[in-house]
Amino acid sequence: MDTLTRDALTVLQPGFTGTTPPDWVLRRLGEGLAAVGLFGRNVATPEQLAALTARLRAERDDVLVAIDEEGGDVTRLEVRTGSSFPGNLALGAVDDPDLTRSVARELGRRLAECGINLNWAPSADVNSDPDNPVIGVRSFGADPELVARHTAAYVEGLQAAGVAACTKHFPGHGDTSVDSHDDMPRVGVDLPTLRARDLPPFHAAVAAGTKAVMSAHILLPALDPRLPATLSPDVLHGLLRAPVERGGLGFDGLIVTDGIEMRAISAAWGIERGGVLALAAGCDAICVGGGHSDEGTVLRLRDAIVDAVRSGELPEERLSDAATRVRALACWASKAGEGAREGSAPTPDIGLTAARRALRVTAPTGRGASGGGADGPAREGPVHVAAYTPSANFAVGDETPWGIAADLARLLPGTSTGNYGPATADADAVLRDADGRPVVAVVRDVHRHPWMATALAALVAARPDTVVVEMGLPQAPPTGALHIATHGAARVCGTAAAEAIAGRIAG
């Protein structure tokens, strides 16, 4: 196969379906494909995942195996159980960079054990819009400096485990009211605001040595009035690659697109045209496969890139440079993985430790907030858990369980649970289901869902002893007899909240 076609395959990061690699993926690895992306659909058990990645490496020993494993609400490794690690908002609430570094290192160690060496994480977005429909608890917080120090710690921890970090979503997805999976978000702030608010975490990530940066499919007229960041030379070359002395970030690693099939790109340009424009703008790798996971998509992208080079639209040296950066990261990952395996001791309980520290409990007496569930009520009998369930965004997905019901049932036998949506969240219905038992109301981003806020207010008015657990962004004022903010819906966050409610945390 000619060099041009090999390079076109090298810059793709495609996904596939199934828990074993399909023949077409193995065949394309022999023809130049240098990376694959894994999603929840590819994961059953750690042992299965390790076997999958070993099969990939039997075809190409330096293949980059990527995954979107943020921990917290966005997990692929534990898509069917919920994550063993709290997400970014919980870590930001604790604000202990050493803890963040330790969590990221243990997460990286587990990824590396499964043969994964590139993580499309961390999210370095500053969640400046609390109504943001896609970032929220995926951000460390709304303070740029806090987000910056935890982004750096996360990059350091992950890469110490031999897994390359891919810091996202450059230049910042935190001030958006639209999910770029659905449409094109627009951030209308001026350049000084962008530099002061959104860029510090990316500066910190670059200084910490992040091996990759993921571009955002967002329009920032202050930088480029026509093209989203993923397709904009002004954003990628003029800002991310530009030297620090010229106002840039001086980043020299791999630039990866967010999913090229997301509607912010595909609806306006199509996948193939979008991929070519992204490479021309300065991206080095095209992420595809969250939605389009077939061989035909890969071949159409490959051929579109080859045709663009042959027509003169995409300079051949630009494609060659991108492919060289992919191979350089693959080389780093192979060496780093070997070194990390020699000295990486497991810390299996670090995720639950972090989740416990992230709890903020507000008591009805006005004693204020506390960490670790110290003010948690003792419940001697069973309770009824009323879970108010919003629609999940695309990044989180709807496969991953969340809540506290399973843990409370373990700690308080006889506990029941009910799921309530916009049409069923009637206080009388909840109280009938509770049948006299104390009620624990579990909500997620109650400030973004008027139906949920209304239902919760009615329940608390009818049963003032209701305990409220907020597992999303704790933006709404605390309510209920006791309010527990977990700062995320990871499995360990639910465990920590259940322990607090059951009065089982020692010390």
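Heads up: numbering here begins at 1 and tracks the sequence.
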Look only at the side chain of [X] and the backbone of [Y], and say whether a donor-acceptor pair between them is shorter than 3.5 Å.
{"X": "E113", "Y": "A50", "result": "no"}
{"X": "S293", "Y": "F16", "result": "no"}
{"X": "R491", "Y": "G82", "result": "yes"}
{"X": "R57", "Y": "G115", "result": "yes"}
{"X": "N127", "Y": "G141", "result": "no"}
{"X": "E261", "Y": "S266", "result": "no"}
{"X": "D175", "Y": "V187", "result": "no"}
{"X": "R60", "Y": "L26", "result": "no"}
{"X": "S232", "Y": "P228", "result": "no"}
{"X": "R195", "Y": "G247", "result": "yes"}

Heavy-atom closest pair, residues [X] and [Y]:
{"X": "P122", "Y": "A165", "result": "CD-CB, 4.3 Å"}
{"X": "T10", "Y": "V326", "result": "O-CG1, 3.6 Å"}
{"X": "M214", "Y": "K168", "result": "CB-CB, 3.6 Å"}
{"X": "G488", "Y": "C493", "result": "O-CB, 3.4 Å"}
{"X": "I67", "Y": "L77", "result": "CD1-N, 4.4 Å"}

Gap separating the [atom1] atom of [X] from the [atom2] atom of [Y], nearest 0.5 angstrom:
{"X": "Y154", "Y": "N119", "atom1": "OH", "atom2": "CG", "value": "5.5 Å"}
{"X": "S139", "Y": "H150", "atom1": "OG", "atom2": "NE2", "value": "11.0 Å"}
{"X": "I286", "Y": "T257", "atom1": "CD1", "atom2": "OG1", "value": "4.5 Å"}
{"X": "F170", "Y": "L249", "atom1": "CZ", "atom2": "CG", "value": "5.0 Å"}

Verify whether one side chain among [X] and [Y] offers a donor that lies under 3.5 Å from an acceptor in the other.
{"X": "S123", "Y": "D125", "value": "yes"}
{"X": "T75", "Y": "E70", "value": "no"}
{"X": "T5", "Y": "D2", "value": "yes"}

If the threshold is 4.0 Å, N to carboxylate O, is there a salt bridge linking [X] and [Y]?
{"X": "E106", "Y": "R110", "answer": "yes"}
{"X": "E31", "Y": "R6", "answer": "no"}
{"X": "K335", "Y": "D62", "answer": "no"}

| Pairs where residues 202-214 contributes a residue and the test side chain to side chain donor-acceptor pair (under 3.5 Å) is met, not counting sequence neighbours | T167-T210

| field | Sequence neighbours excluded, every pair satisfying side chain to side chain donor-acceptor pair (under 3.5 Å) that has a member inside residues 269-292 | value | R241-D284, E272-R300, R273-E313, D284-R318

| Enclosure of D98 CG (heavy-atom neighbours >12, cutoff 6.0 Å) |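 Check passes, neighbour count above 12.
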
| More than 12 foreign heavy atoms under 6.0 Å from CD of E316: is that the case here? | no

| said: Show, in sequence, the C-alpha distance, side-chain angles and deciding distance for D190 and T193, and conclude whether the side-chain hydrogen bond (donor to acceptor under 3.5 Å, both in side chains) test is met. | reply: CA-CA 6 Å; D190 58 23; T193 299; 2.6 Å; yes

| query | Going by the angle between their ring planes, with limits at 30° and 60°, are W120 and F39 parallel, tilted or perpendicular? | reply |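 Correct class here is tilted.
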
| Intermediate values then yes/no, salt bridge (Lys or Arg N to Asp or Glu O under 4.0 Å), E156 and R101 | CA-CA 7 Å; E156 291 164 355; R101 191 176 293 106; 2.9 Å; yes

| remark: By salt bridge (charged side-chain N to carboxylate O under 4.0 Å, His left out), D445 pairs with (sequence neighbours left out) R448

